[in-house]
Engineer: 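Let me begin by handing over the structure; questions about it come next.
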Amino acid sequence: MRKADLVYLVGPMGAGKSTIGRLLADSLGLAFYDIDREIEERSGVDIPWIFDMEGEEGFRDRESLMMQEISELGGAVVSTGGGAVLRDDNRSLMMSKGTVVYLCTSIEEQVRRTSKDRKRPLLQKGNPEETLRRLMAEREPLYLQVADHSIATDHRSPKAVVQELVAKIEDGDLNS
Ligand SMILES: Nc1ncnc2c1ncn2[C@@H]1O[C@H](COP(=O)(O)OP(=O)(O)O)[C@@H](O)[C@H]1O
Ligand SMILES: O=C(O)C1=C[C@@H](OP(=O)(O)O)[C@@H](O)[C@H](O)C1
Ligand SMILES: [Mg+2]
């Protein structure tokens, strides 16, 4: 099942992947899966607990397994976590199974949006802005590598972003 039947959202923390994914799925009449929430539901523990007990690599192993499992399902919008693009296998999976949308967001906006809660372990140590800048330098080439389409989210409501995405999908612009 390829392209508009399975849509993956990628991008940095605070890009709005989880928020936009749910709205996009509702608009398209597709199921919605957020990889982080699926991991939490399945394991019965939260993401900070997994990072504390198993380290980032332990979390990445769980993330890759969940990506594989969810990707077997069609008819869904899948919101990934900001680091899901780090592993080659995850990138190949997304590129082969679906349409990948990169939600582009400035560092300033990432900082603003992620300062509202403390559920992201990678931002709990050091200066969040410096961390987000470093992560973007490392990851943006990977977001661009997997993306069929990039869409800006700064100064735009989640609803406006979803409307643009729905229009593109209906026009077939995402069916490359
Ligand atoms: N386009 C947007 N404009 C303003 N705030 C947004 C936008 N998209 C998401 N948010 C807010 O930013 C925060 C992080 O969004 P979230 O969907 O969790 O991002 P991600 O899953 O990419 O880390 C939430 O409080 C959400 O309400
Ligand atoms: O960027 C990252 O490495 C992470 C992003 C988080 O998801 P969001 O991008 O939805 O915040 C979550 O997967 C975990 O805290 C690690
Ligand atoms: Mg999220």
Side-chain angles (χ1 to χ4, degrees), residues 7-27 32-43 45-70 76-91 93-94 100-143 146-147 150-166:
V7 179
Y8 296 95
L9 299 184
V10 302
M13 292 180 266
K17 303 177 297 296
S18 300
T19 307
I20 285 165
R22 182 174 293 285
L23 296 173
L24 180 64
D26 286 349
S27 296
F32 171 64
Y33 300 98
D34 185 289
I35 297 296
D36 288 333
R37 300 293 81 78
E38 294 297 318
I39 292 170
E40 292 184 326
E41 271 177 32
R42 187 68 60 87
S43 62
V45 290
D46 64 12
I47 305 287
W49 188 95
I50 298 171
F51 270 73
D52 273 353
M53 302 306 289
E54 302 176 0
E56 182 170 348
E57 279 311 291
F59 171 74
R60 296 289 166 220
D61 290 343
R62 289 179 182 268
E63 181 177 54
S64 294
L65 283 172
M66 194 54 75
M67 293 277 293
Q68 281 165 23
E69 190 176 323
I70 296 295
V77 175
V78 180
S79 293
T80 65
V85 292
L86 289 170
R87 290 199 174 171
D88 291 354
D89 286 356
N90 292 341
R91 297 200 302 280
L93 185 70
M94 290 191 276
V100 186
V101 177
Y102 167 34
L103 299 181
C104 308
T105 307
S106 66
I107 300 286
E108 292 67 29
E109 197 60 30
Q110 292 173 38
V111 172
R112 245 191 304 278
R113 293 184 195 162
T114 55
S115 64
K116 293 175 191 159
D117 62 62
R118 299 174 60 82
K119 66 180 185 192
R120 295 177 175 87
L122 295 177
L123 299 181
Q124 301 316 308
K125 279 186 220 138
N127 177 310
E129 179 169 349
E130 276 169 24
T131 304
L132 287 164
R133 225 174 262 291
R134 176 176 54 76
L135 293 176
M136 269 302 267
E138 206 179 291
R139 297 172 176 182
E140 187 161 41
L142 305 176
Y143 297 138
V146 294
S150 301
I151 185 162
T153 78
D154 277 19
H155 314 300
R156 304 179 66 200
S157 68
K159 205 173 149 195
V161 174
V162 168
Q163 277 170 354
E164 184 179 334
L165 276 170
V166 170

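One is the number of the first residue; the rest follow in order along the sequence. Ligands are counted one by one from 1 in listed order, and the atoms in each one are counted from 1 as well.
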Engineer: Side chain of Glu129, backbone of Ile107: donor and acceptor closer than 3.5 Å?
Structural biologist: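 Not a single qualifying donor-acceptor pair exists.
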
Engineer: Within this structure, what is the CD-CG distance for the pair Glu140 and Leu135, rounded to the nearest 0.5 Å?
Structural biologist: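 CG of Leu135 is found 12.0 Å from CD of Glu140.
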
Engineer: Has ligand 2 got any nitrogen or oxygen that is less than 3.5 angstrom from a nitrogen or oxygen of Arg60?
Structural biologist: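 Yes: some nitrogen or oxygen of Arg60 is under 3.5 Å from one in ligand 2.
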
Engineer: With backbone taken as N, CA, C and O and side chain as the heavy atoms from C-beta onward, which portion of Lys17 lies under 4.0 Å from ligand 2: side chain, backbone, both, or neither?
Structural biologist: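 Side chain only.
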
Engineer: Apply side-chain contact (heavy atoms from CB on, under 4.5 Å) to the pair Glu56 and Leu86, showing each step before the final yes or no.
Structural biologist: CA-CA 12 Å; Glu56 182 170 348; Leu86 289 170; 4.2 Å; yes

Engineer: Taking distance alone, with no angle check, do Asp36 and ligand 2 share an N/O pair under 3.5 Å?
Structural biologist: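 Between Asp36 and ligand 2 (N or O atoms, distance only) the closest approach is under 3.5 Å.
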
Engineer: Are Arg133 and Glu108 close enough for a salt bridge, meaning some N to O gap below 4.0 Å?
Structural biologist: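 Yes, charged N to carboxylate O under 4.0 Å.
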
Engineer: I need the nearest protein heavy-atom contact for atom 1 (N) of ligand 1: residue, atom name and distance, please.
Structural biologist: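 Heavy-atom neighbour on the protein nearest atom 1 (N) of ligand 1: Arg156 O, 2.7 Å.
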
Engineer: Taking 4.0 Å as the limit for heavy-atom contacts, which would you say applies to Lys116 with ligand 1: side chain only, backbone only, both, or neither?
Structural biologist: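 Only the side chain of Lys116 comes within reach of ligand 1.
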
Engineer: Report the C-alpha distance between Ser43 and Ile50 in whole Å, list the side-chain angles of each, state the deciding distance to 0.1 Å, and finish with yes or no for side-chain contact (heavy atoms from CB on, under 4.5 Å).
Structural biologist: CA-CA 9 Å; Ser43 62; Ile50 298 171; 4.1 Å; yes

Engineer: Could you check atom 11 (O) of ligand 2 against the protein and tell me its nearest heavy-atom contact, residue, atom and distance included?
Structural biologist: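 Answer for atom 11 (O) of ligand 2: Arg120 NE, 2.7 Å.
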
Engineer: Tell me which one of Ser79, Pro12, Ser18, Pro121 gets a heavy atom nearest to atom 15 (O) of ligand 2.
Structural biologist: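 Among Ser79, Pro12, Ser18, Pro121, the closest heavy atom to atom 15 (O) of ligand 2 belongs to Pro121.
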
Engineer: I'd like to know whether ligand 1 has Gly11 as a neighbour, heavy-atom separation below 4.0 Å.
Structural biologist: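 No.
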
Engineer: Give me the one residue out of Gln110, Arg113, Lys17 that meets side chain to side chain donor-acceptor pair (under 3.5 Å) with Thr153.
Structural biologist: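 Answer to the side chain to side chain donor-acceptor pair (under 3.5 Å) test with Thr153 among Gln110, Arg113, Lys17: Arg113.
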
Engineer: Ion pair present between Glu57 and Arg87, side-chain N to carboxylate O less than 4.0 angstrom?
Structural biologist: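 Here Glu57 pairs with Arg87 in a salt bridge, since their nearest N and O are under 4.0 Å apart.
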
Engineer: Using a 4.0 Å heavy-atom threshold (strictly under), name the region of Leu122 that reaches ligand 2: side chain, backbone, both or neither.
Structural biologist: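 For Leu122, only side-chain atoms sit under 4.0 Å from ligand 2.
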
Engineer: If we set the cut-off at 4.0 Å for heavy atoms, which region of Arg139 has an atom near ligand 2: side chain, backbone, both, or neither?
Structural biologist: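 Only the side chain of Arg139 comes within reach of ligand 2.
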
Engineer: Could you tell me whether Glu69 and Arg42 make a salt bridge, using a distance below 4.0 angstrom between a side-chain N and a carboxylate O?
Structural biologist: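 So Glu69 pairs with Arg42 through a salt bridge.
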
Engineer: Who's the nearest protein heavy-atom neighbour of atom 4 (C) of ligand 1, and how far?
Structural biologist: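 Ranking protein heavy atoms by distance from atom 4 (C) of ligand 1, first comes Arg113 NE, 3.7 Å.
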
Engineer: Heavy-atom distances under 4.0 Å are what count here, so tell me which part of Pro12 touches ligand 1: side chain, backbone, both or neither.
Structural biologist: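 The answer is the backbone.
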
Engineer: Does Val161, backbone or side chain, put an N or O under 3.5 Å from an N or O of ligand 1?
Structural biologist: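 No: no nitrogen or oxygen of Val161 is under 3.5 Å from one in ligand 1.
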
Engineer: For a side-chain contact (heavy atoms from CB on, under 4.5 Å) check, start with the C-alpha distance between Asp36 and Lys119, then their side-chain angles and the critical distance, and finish with the verdict.
Structural biologist: CA-CA 11 Å; Asp36 288 333; Lys119 66 180 185 192; over 6 Å; no

Engineer: Any nitrogen or oxygen of Ile20, side chain or backbone, less than 3.5 Å from one on ligand 1?
Structural biologist: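 No, Ile20 has no N/O under 3.5 Å of an N/O on ligand 1.
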
Engineer: Has Thr80 got an N, O or S atom lying less than 2.8 Å from the Mg ion (ligand 3)?
Structural biologist: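 Looking at Thr80, which is the residue asked about, there is no N, O or S atom under 2.8 Å from the Mg ion (ligand 3).
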
Engineer: Is Phe51 in polar range of ligand 2, meaning some N or O pair under 3.5 Å apart?
Structural biologist: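 N/O-N/O distance below 3.5 Å does not exist for this pair.
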
Engineer: Counting both backbone and side chain atoms, is some N or O of Ser157 under 3.5 Å from an N or O of ligand 1?
Structural biologist: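 N/O-N/O distance under 3.5 Å: no.
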
Engineer: Tell me the protein heavy atom at minimum distance from atom 26 (C) of ligand 1, and give that distance in Å.
Structural biologist: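 Checked against all protein heavy atoms, atom 26 (C) of ligand 1 sits closest to Thr19 OG1, 3.6 Å.
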
Engineer: For Met94, which of Val78, Val85, Asp89, Val7 qualifies under side chain to side chain contact (heavy atoms under 4.5 Å, CB included)?
Structural biologist: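 Filter result, single survivor: Val85.
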
Engineer: In terms of atom number and element, which parts of ligand 2 are under 4.0 angstrom from non-hydrogen atoms of Gly81?
Structural biologist: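 That gives atoms 7 (O), 9 (O), 13 (O) of ligand 2.
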
Engineer: Passes side-chain contact (heavy atoms from CB on, under 4.5 Å), Thr105 versus Asp154? Steps please.
Structural biologist: CA-CA 6 Å; Thr105 307; Asp154 277 19; 3.4 Å; yes

Engineer: What residue and heavy atom of the protein are closest to atom 18 (O) of ligand 1, and at what distance?
Structural biologist: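 Minimum-distance protein heavy atom for atom 18 (O) of ligand 1 reads Arg120 NH2, 3.2 Å.
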
Engineer: Under 3.5 Å between some N or O of ligand 1 and some N or O of Met13?
Structural biologist: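 No, Met13 has no N/O under 3.5 Å of an N/O on ligand 1.
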
Engineer: Who's the nearest protein heavy-atom neighbour of atom 9 (C) of ligand 1, and how far?
Structural biologist: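 Heavy-atom neighbour on the protein nearest atom 9 (C) of ligand 1: Gly16 CA, 3.6 Å.
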
Engineer: Evaluate Glu56 for polar contact with ligand 2, using N/O atom pairs at a separation under 3.5 Å.
Structural biologist: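 Among all N and O atoms of Glu56, none is under 3.5 Å from an N or O of ligand 2.
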
Engineer: Should you measure from each heavy atom of Gly83, which atoms of ligand 2 turn up under 4.0 Å away?
Structural biologist: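 That gives atoms 1 (O), 2 (C), 3 (O) of ligand 2.
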
Engineer: Could you give the distance from CE (Met136) to SG (Cys104), rounded to the nearest 0.5 Å?
Structural biologist: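 Rounded to the nearest 0.5 Å, the CE-SG separation comes out at 7.5 Å.
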
Engineer: Do Arg60 and Glu63 sit within salt-bridge range, that is, some charged N less than 4.0 Å from a carboxylate O?
Structural biologist: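 A salt bridge is present here (some side-chain N lies under 4.0 Å from a carboxylate O).
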
Engineer: Given side chains that start at C-beta, do those of Leu24 and Val101 come closer than 4.5 Å, heavy atoms only?
Structural biologist: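 SC-SC contact between Leu24 and Val101 ruled out.
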
